Amino acid sequence: MALSSYWMHRIYLAATMNYGLGSDDPEELAYYNKIRKEVDDMKKEPVKKGIPLNWDKTEEIDK
């Protein structure tokens, strides 16, 4: 049985707020672990600040 959007949202909140799931359902655990992995991967990536400027592209647009 597929997870309802309600339960997916509840699991997403638990995973992003670093709460435990409290369920033994394999489908819920798989979704929780997937979200936790994505959150952990995002934390490892450096945050890029500022606006990237590419002057070559603006010259091509002006032509």
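If you're wondering where the values come from, they're calculated on a predicted model, not measured in any experiment.
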Item checked: Taking every non-hydrogen atom, the tightest pair across A14 and G20 -> CB-O, 4.2 Å
Margin query: Please report the interatomic distance OH(Y12) to CD(E38), rounded to the nearest 0.5 Å.
Written below: 8.5 Å
Notebook entry, point to check: Is any NZ, NE, NH1 or NH2 atom of the basic residue among K37 and D41 found under 4.0 Å from an Asp or Glu carboxylate oxygen of the other?
Noted result: yes
Checklist line | CG-CE distance between L3 and M8, expressed to the nearest 0.5 angstrom | finding: 6.5 Å
Next item on the list: Can you see which heavy atom on E28 is nearest to which on S23, and at what distance?
Entry: OE1-OG, 2.7 Å
Next item on the list: Kindly compute the distance separating CD1 (I35) from OG1 (T16), expressed to the nearest 0.5 Å.
Entry: 8.5 Å
Notebook entry, point to check: What do you reckon, is OH of Y31 surrounded by more than 12 foreign heavy atoms closer than 6.0 Å?
Noted result: yes
Next item on the list: Begin from the C-alpha positions of R36 and Y32 and carry the test side-chain contact (heavy atoms from CB on, under 4.5 Å) through to its verdict.
Entry: CA-CA 6 Å; R36 285 294 317 150; Y32 177 84; 3.7 Å; yes
Notebook entry, point to check: Atom CZ in R10, atom OG in S5: separation rounded to 0.5 Å?
Noted result: 12.5 Å
Next item on the list: Identify the heavy atoms of L21 and I11 that sit nearest to each other, and give their distance.
Entry: CD1-CG1, 3.9 Å
Notebook entry, point to check: Should we say atom CG of D40 is surrounded by more than 12 heavy atoms from elsewhere, each under 6.0 Å from it?
Noted result: yes
